[in-house]
Protein chains: 2
Amino acid sequence: MKPSIPKGTRDFGQQEMAGRNFIFDTIKGVFRTFGYSQIETPAMENLSTLLGKYGEEGDKLLFRVLNSGDAFGKVDFDSFKDSDGAINSVALSKEVCEKGLRYDLTVPFARYVVQHQNDISFPFKRFQIQPVWRADRPQKGRYREFYQCDVDVIGSRSQVNELELVQIVDRVFSLLDVRVLVKINNRKVLTGFAEICGFPDKVVDITVAIDKLDKIGLDAVEEEMRGKGLTDNAIAVIEQILKLSGSTSEKIASMRSLMRGGSPSGLVSETGLKGLDELEELFGLIDAAGIGSPVEIDLSLARGLNYYTGAIFEVKALDFSIGSICGGGRYDNLTGIFGLPDVSGVGISFGADRIYDVLSGLDKFPKGLKSSTTLLFANMGADEVRYILPVAKALRERGVAVEVYPDSSKLKKQFDYADRKCIPFLSITGADEMASGQVNVKNLVTGEQKAFSINDVQDIFDFLTSVEEK
Amino acid sequence: MKPSIPKGTRDFGQQEMAGRNFIFDTIKGVFRTFGYSQIETPAMENLSTLLGKYGEEGDKLLFRVLNSGDAFGKVDFDSFKDSDGAINSVALSKEVCEKGLRYDLTVPFARYVVQHQNDISFPFKRFQIQPVWRADRPQKGRYREFYQCDVDVIGSRSQVNELELVQIVDRVFSLLDVRVLVKINNRKVLTGFAEICGFPDKVVDITVAIDKLDKIGLDAVEEEMRGKGLTDNAIAVIEQILKLSGSTSEKIASMRSLMRGGSPSGLVSETGLKGLDELEELFGLIDAAGIGSPVEIDLSLARGLNYYTGAIFEVKALDFSIGSICGGGRYDNLTGIFGLPDVSGVGISFGADRIYDVLSGLDKFPKGLKSSTTLLFANMGADEVRYILPVAKALRERGVAVEVYPDSSKLKKQFDYADRKCIPFLSITGADEMASGQVNVKNLVTGEQKAFSINDVQDIFDFLTSVEEK
């Protein structure tokens with residue numbers, strides 16, 4: 001029976017890892033130029049840290065780790081039976097599992113900040129790239145183990161932080177050569193909508209409805225709001241907002257007039273106005289910094305909403321259809337659940353799996369990723385191997401990936417190996433070359449072949465790197 | 001109540017991550033120049049893959065993951081009770097846990113090779129750097145979550161592979177500036193010992209005993225062998241071997257004569273002679289390749305033994321006392337447990353935690369790791385921020401880590417921030433500089449201060465990088 005892995009998990013082979021590393025290295029490099037540095041937290045957290053943070057559904061999706069040792073030895077199973085005699089799995093699992101696998105990077109980050117608050121310099125700029133686990137039903141594009149790639153700054157309310165995240169997104173996708181659209185909204189503006197339409201307590205219902213605008217259209221959105229108890233007058237106010245057009249500054253100006261009492265309801269929203277101030281400041285900074293990607297306001301953008309308190313971000317690929325590839329926003333109470341109130345932060349998360357699919361679909365991975373090795377020395381026998389070892393060493397010390405085929409197998413087999421591994425250069429240095437103090441190198445792509453003195457390592461290096469595929 | 005993490009696990013802060021990344025990046029870079037490429041496997045494996053691979057003790061140390069959904073709903077608890085009515089935790093945990101956390105990287109690698117055998121080009125050169133989990137009792141230097149860093153080549157029996165691993169070790173520690181001793185043994189030679197002393201079935205007992213030579217001394221080792229049933233004559237043969245001196249080639253020659261029947265027993269060991277051939281070939285290759293680190297035969301080296309079938313490696317730091325920092329060897333039946341027999345391979349594992357402690361203890365981390373940011377632009381107000389944003393952008397695009405302090409706080413606070421983060425350069429560009437089109441940059445280490453035209457980004461770049469700490 002062939003061995004297998006748990007459903008919803010994946011092995012990453014050498015090709016996939018090369019692509020994934022290219023993405024992660026690009027993202028990390030950009031994070032670092034903005035002064036963010038990396039932390040890591042354990043895969044297992046105490047369940048007391050995780051439970052209740054992701055809603056009832058989230059609790060069910062946590063992978064629980066059985067206590068080590070005699071986990072069941074002291075359990076009184078009868079006490080976990082309901083009145084009908086059925087076992088209460090949820091209660092019993094709490095009894096025998098103290099730990100669970102990380103469900104996201106946000107809750108561990110909040111835990112980290114509270115636990116280490118005295119060692120942290122605020123504003124605290126951190127990034128974190130680690131796998132998370134969710135017992136979701138696996139399906140295409142949804143896995144039970146996947147990497148998250150989060151960047152956050154906490155301890156500052158300045159819009160300069162929001163700007164930085166937009167700059168980071170812009171720079172990452174410019175380096176990855178993927179055209180993206182950055183969509184921005186503000187939770188305070190959404191609150192403003194609810195206030196000026198006269199249903200301040202319905203902000204969640206309104207936001208959930210307009211979040212679906214792209215998918216179901218305006219009529220269905222209005223129908224949903226009506227179902228939630230909004231009046232026709234209130235819906236008319238929302239409709240007026242959703243239909244706003246013009247440039248970003250024109251939209252902000254129109255909304256400001258509505259929030260100041262200019263809507264059919266005549267109601268004023270101070271929160272909405274504060275949100276518009278934030279949006280205006282952020283777009284001013286974006287203009288000053290010079291962002292290559294298009295950035296636009298999207299009033300239907302909510303992203304799960306209740307969590308965010310200010311800016312909300314989402315990034316879409318312009319040339320590939322796959323949903324959002326980055327998302328995030330500002331939150332004002334990340335660490336309150338762990339007893340440290342009023343820590344405001346803003347962050348975004350890069351969706352590595354989707355970005356991989358975009359690069360793959362658009363054929364944007366660098367060609368060089370295919371071959372992990374630049375030069376293969378064929379193995380022509382024990383003496384020949386000893387002869388070329390110092391050259392191989394010197395090339396490696398210059399950073400070139402060099403292999404010496406370990407066995408003196410038939411040349412056909414060694415050729416096949418080079419071919420399957422897409423190795424672009426092959427050296428067949430045999431007895432003749434040894435006798436004349438030479439090393440042969442052939443470019444397998446162009447067919448060009450050259451003989452070098454064994455002492456001219458620099459010349460070999462130049463030959464290998466001058467034509468190396470980028 | 002302050003939140004905490006499970007015992008035996010760790011958070012890695014920014015300083016520790018910088019050090020760890022330095023180690024991993026160095027190791028990965030060397031692996032790549034030898035043509036090894038990375039794979040990753042899931043954190044969770046099926047327990048059927050893991051159980052029985054690490055001995056009875058290992059099975060107990062596996063972290064088991066509770067099945068998701070209604071894990072206990074259909075369990076008949078009575079059927080898991082022993083005759084005395086006590087619950088059988090081991091049997092019940094198998095019933096409710098199908099998955100476990102990876103205990104090492106070797107078994108998942110074996111599983112990977114068998115599962116993907118048709119997609120793999122042999123010889124298969126892979127490395128893997130991922131955390132593993134063990135429910136060991138936590139103590140100083142022993143964690144329940146730690147990274148392993150394994151490099152292996154499988155599908156070739158050539159000693160060129162053994163050589164490569166020695167070269168990799170030598171190169172890694174040369175780059176890390178740590179002096180090491182590489183110790184090599186060969187399992188076939190150990191088998192030879194057992195054969196020529198007349199106790200071929202006692203190879204494990206003999207090896208376990210002489211493995212302790214360093215710790216308990218020759219007398220105690222002999223006492224242990226006597227306790228295992230070896231005769232005085234047999235022990236005399238072992239003693240003769242352990243007392244061999246001279247150069248590596250002299251030692252090999254002496255052992256060859258013993259294995260050919262020259263020992264007091266007069267017995268011959270073909271296996272031992274094969275092991276000596278391998279050692280001789282490997283040391284010949286080591287001489288040809290030129291290894292900077294000392295490499296020596298250590299006949300007492302066994303490293304858990306039963307697993308290895310040929311070369312055995314161990315690496316020790318010469319200037320820091322901490323046990324072995326790398327270890328490995330050749331195995332002939334990695335994948336047999338999963339139904340693919342006769343796959344020979346050789347590999348070593350780098351102990352990242354110990355290497356970290358060595359670099360830390362010897363103060364060998366590059367000084368630059370302390371500061372993640374090179375230049376901080378103080379925030380002198382909204383206009384000043386907009387003024388310097390394009391400069392910050394241009395420097396970041398040149399790879400410099402630049403921060404713009406997000407809030408226009410008191411300068412003292414901004415200074416403190418730069419100080420705590422060890423940021424070496426500070427720019428205080430205010431209204432005066434704006435008026436004259438300039439940017440100020442101060443080297444906080446030397447005190448040197450310079451004014452640049454805002455358009456001379458290259459000059460600023462040169463100022464920042466010419467004195468950057470290495």
Side-chain angles (χ1 to χ4, degrees), chain A residues 2-3 5-6 9 11-14 17 32-33 35 37-44 46 49 63-66 68 70-73 77 87 89 92-93 97 99 111-112 114-115 121 123 135 145 156 158 160-161 288-290 338 372-373 386 389-390 393 396 401 403-404 406-407 417 420-421, chain B residues 2-3 5-6 9 11-14 17 32-33 35 37-44 46 49 63-66 68 70-73 77 87 89 92-93 97 99 111-112 114-115 121 123 135 145 156 158 160-161 288-290 338 372-373 386 389-390 393 396 401 403-404 406-407 417 420-421:
Chain A
K2 246 192 170 182
I5 50 178
T9 69
D11 285 324
F12 295 113
Q14 309 191 312
M17 281 304 295
R32 293 209 173 97
T33 64
S37 43
Q38 193 169 12
I39 69 162
E40 284 190 358
T41 61
M44 292 187 286
N46 292 320
T49 299
F63 279 111
R64 291 149 196 258
V65 177
L66 194 67
S68 41
D70 186 9
F72 296 104
F77 292 97
I87 202 86
S89 267
L92 179 52
S93 72
C97 299
K99 297 176 288 292
R111 192 268 309 148
Y112 178 95
V114 175
Q115 193 175 331
S121 304
E145 173 181 67
S156 163
S158 161
V160 171
N161 302 300
F338 297 116
S372 51
T373 299
R386 291 179 195 215
L389 278 175
K393 182 182 182 188
R396 285 168 179 149
E403 287 188 53
V404 177
D407 301 281
Y417 178 80
R420 282 197 309 273
K421 287 190 78 172
Chain B
K2 243 191 173 183
I5 51 177
T9 70
D11 285 324
F12 295 112
Q14 309 191 313
M17 280 305 295
R32 292 209 174 99
T33 64
S37 44
Q38 192 169 12
I39 70 161
E40 284 189 0
T41 62
M44 293 187 285
N46 292 321
T49 300
F63 279 112
R64 290 150 198 258
V65 177
L66 194 67
S68 41
D70 186 8
F72 296 103
F77 292 97
I87 202 87
S89 268
L92 178 52
S93 71
C97 300
K99 297 176 289 291
R111 192 267 310 148
Y112 178 94
V114 176
Q115 193 174 332
S121 304
E145 173 182 68
S156 162
S158 161
V160 171
N161 302 299
F338 297 117
S372 51
T373 298
R386 292 180 195 216
L389 277 176
K393 182 183 181 188
R396 285 167 179 151
E403 288 189 52
V404 178
D407 301 281
Y417 178 81
R420 281 196 310 273
K421 288 190 77 171

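Chain naming here is simple, since letters A, B, ... match the order of the sequence lines and numbering starts at 1 in each. Not measured: the values here are computed from a predicted model. All values below come from the heavy atoms of this structure, side chains included, with hydrogens, waters and symmetry mates left out.
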message: For B:Thr49, which atoms come within 4.5 Å of any heavy atom of chain A: side chain, backbone, both, or neither?
response: side chain

query: Any idea which of A:Lys421, A:Lys99, A:Met44 has the most non-hydrogen atom pairs under 4.5 angstrom with chain B?
result: A:Met44

- prompt: With no hydrogens and no angle check, is any side-chain donor or acceptor of A:Ser89 less than 3.5 Å from a backbone partner on B:Phe72?
  reply: yes

field: Minimal non-hydrogen separation, B:Asn161 against A:Pro406, with atom names
entry: OD1-CB, 3.4 Å

message: How close do A:Tyr112 and B:Gly13 get, counting heavy atoms only, and between which atoms?
response: OH-CA, 3.1 Å

query: If every non-hydrogen atom of A:Arg111 is compared with every non-hydrogen atom of B:Pro3, which pair is closest and at what distance?
result: CG-CB, 3.5 Å

query: Looking at A:Val114 and B:Lys2, what are the two nearest heavy atoms and their distance?
result: O-CE, 3.8 Å

task: Identify the residue among A:Asp11, A:Thr9, A:Ile5 that makes a side-chain contact (heavy atoms from CB on, under 4.5 Å) with B:Thr41.
output: A:Asp11

query: Are A:Met17 and B:Glu40 close enough that some pair of their side-chain heavy atoms sits under 4.5 Å apart?
result: yes

statement: Honestly, the part of B:Gln38 sitting under 4.5 Å from a heavy atom of chain A is both

Nearest non-hydrogen partners of B:Leu389 and A:Ala288, listed with the distance: CD1-CB, 4.1 Å

task: Write down the atom of A:Ala289, the atom of B:Lys393, and the distance for their closest heavy-atom approach.
output: O-CD, 3.5 Å

